[in-house]
Protein chains: 2
Amino acid sequence: MTTSEGDKLTDAQNELYAWIKNYMRDFQHSPSIRQMMQAMGLKSPAPIQSRLKHLQDKGYISWQEGKARTMQIIDEISGVVPIMGSVAAGGLIETYSDVNENLDLSEVLQKKDVFALTVNGDSMIDACIAHGDMVLMEPIKDSNSLRNGTIVSAMVPGLGTTLKYFFKRGGKIFLEAANPAYEPIELNFGDVIFQGKLLAVWRKV
Amino acid sequence: MTTSEGDKLTDAQNELYAWIKNYMRDFQHSPSIRQMMQAMGLKSPAPIQSRLKHLQDKGYISWQEGKARTMQIIDEISGVVPIMGSVAAGGLIETYSDVNENLDLSEVLQKKDVFALTVNGDSMIDACIAHGDMVLMEPIKDSNSLRNGTIVSAMVPGLGTTLKYFFKRGGKIFLEAANPAYEPIELNFGDVIFQGKLLAVWRKV
DNA sequence: TTGTCATAAAAACATTTGTACTCTAATACA
DNA sequence: TGTATTAGAGTACAAATGTTTTTATGACAA
């Protein structure tokens with residue numbers, strides 16, 4: 001948790017905070033103090049300032065002093081989901097505990113130039129990447145920095161784009177499937193263009 | 001695409017647009033015209049005004065007239081990633097095409113009460129859900145509406161919480177693993193509390 | 001009661017900011 | 001070459017906005 005002990009909000013603070021989050025989600029920019037004033041049914045900006053200061057002290061928001069509409073919400077980035085614990089997928093026994101952490105998808109999504117590919121086929125099935133999955137990829141700047149075992153999307157001229165494990169042995173490059181039914185592809189360095197390396201897998205059911 | 005034919009941007013417009021998107025991603029609020037002016041290396045706000053007007057005409061941005069820092073980016077919602085095509089995971093041959101679609105994770109995330117669980121174990125491995133994966137779940141309001149074959153997280157009192165395929169046959173409930181090493185669990189209605197059904201799988205590498 | 005504290009109102013102020021206007025330089029075109 | 005067009009500089013101004021100060025109110029404890 002980024003918020004610690006004494007960070008509980010009063011009702012008024014909480015109401016304001018919730019309203020701000022809604023506003024910023026809808027409009028992609030910060031409201032002005034006078035807008036918040038109206039929304040909270042107040043007739044003076046001072047109470048809003050006070051609540052904002054408290055929200056700032058408790059680590060919920062921040063802003064650039066003196067600048068109009070420059071608020072930022074500290075904690076909640078879009079794409080955050082509470083993790084309610086773990087679940088047995090086997091014989092293990094577990095029960096839901098409280099919320100321990102948040103799953104933050106935006107951490108991956110906000111990387112520069114992330115793109116997605118639809119997976120077509122079953123050659124990566126042993127890596128638990130199935131037909132129809134979406135793979136989120138990050139462009140590869142320096143193909144020399146690729147580590148063995150990384151999953152990459154590689155374009156082999158004349159062969160097309162394929163998702164495989166990357167291995168480098170000797171002067172050769174090997175692209176290996178995660179499925180014994182498929183043979184490794186052996187290539188020389190200039191024969192392949194790496195388009196991206198795997199960041200995450202997304203499957204919607 | 002929401003943008004149509006004559007919506008191509010000039011270099012200057014494109015540079016500004018890219019800068020705005022970055023700024024708004026980083027700061028969660030709109031920049032001011034004078035900030036953009038500086039960022040573009042200009043010494044007068046007029047050119048920025050002109051470019052903004054063009055961006056607005058072409059449907060890329062909007063703002064509230066006269067209000068400070070009220071810009072909105074029209075197209076890009078957070079949690080949206082461009083899909084660059086599909087990739088072969090097998091023998092298929094495919095090449096990257098243009099951007100066809102966007103992958104919108106927020107569609108799932110914005111459902112009410114979505115929560116995540118860490119998968120512990122390998123009993124769902126044949127459904128391509130591996131140890132360490134995060135499963136995004138939706139609370140189940142009405143357990144009668146559950147369809148056979150749905151993946152659910154179920155709490156069996158005395159046994160814990162487990163991720164399994166749900167089946168209903170006769171008056172009985174069966175919870176089946178996606179791994180032949182595990183036996184199905186047979187239960188009566190009432191002996192089990194369903195906590196959620198699977199919406200999506202997320203794996204960060 | 002009295003004093004303290006938190007909250008709200010009201011008013012005033014300085015800065016930030018969007019917008020409009022004029023002028024100049026560069027560019028394209030006939 | 002001359003003219004039209006466009007982009008940018010410079011300036012000015014009114015509105016929006018954050019901030020400060022002063023005062024009033026109510027709750028609550030000493």
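Just so we're on the same page: letters track the sequence lines, and every chain starts at 1.
In this structure a side-chain-to-backbone donor-acceptor pair under 3.5 Å is present from B/S44 to B/A46. Counting only distance, with no hydrogens or angles, the side chain of B/R51 and the backbone of B/Q13 share no donor-acceptor pair below 3.5 Å.
Nearest heavy atom pair, residue B/C128 against residue A/I129, reads SG-N, 4.0 Å. Closest heavy-atom contact between B/L163 and B/M137: CD1-CE, 4.1 Å.
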Using nucleotides 14-17 of chain D, report all nitrogen or oxygen pairs with the protein that are shorter than 3.5 Å.
{"unit_1": "D/dT17", "atom_1": "OP1", "unit_2": "A/R69", "atom_2": "NE", "d": "2.5"}
{"unit_1": "D/dT17", "atom_1": "OP1", "unit_2": "A/R69", "atom_2": "NH2", "d": "2.7"}

Practice task
Could you please spell out the steps behind the side chain to side chain contact (heavy atoms under 4.5 Å, CB included) verdict for A/V192 and A/F166?
Solution key: CA-CA 11 Å; A/V192 58; A/F166 166 87; over 6 Å; no
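Sorted by first and then second residue, the salt bridge (Lys or Arg N to Asp or Glu O under 4.0 Å) pairs with a member in residues 188-205 of chain A read A/D133-A/R203, A/K204-B/E107; sequence neighbours excluded.
Within residues 39-54 of chain B, the residues that have a heavy atom under 4.0 Å from DNA chain D are, in order of number, B/L42, B/K43, B/S44, B/P45, B/A46, B/P47, B/R51.
The nucleotide range of DNA chain C contacted by chain B, defined by atoms under 4.0 angstrom from heavy atoms of the protein and reported 5' to 3', is C/dT17 to C/dA20.
Taking the side-chain contact (heavy atoms from CB on, under 4.5 Å) definition, one finds that A/D11 meets it with nothing, sequence neighbours left out. A/R169 meets the salt bridge (Lys or Arg N to Asp or Glu O under 4.0 Å) test with A/E176; sequence neighbours excluded.
Between the side chains of A/D122 and A/Y182, at least one donor N or O sits under 3.5 Å from an acceptor N or O.
To the nearest 0.5 Å, atoms CD (A/Q195) and CE (A/M155) are separated by 6.0 Å.
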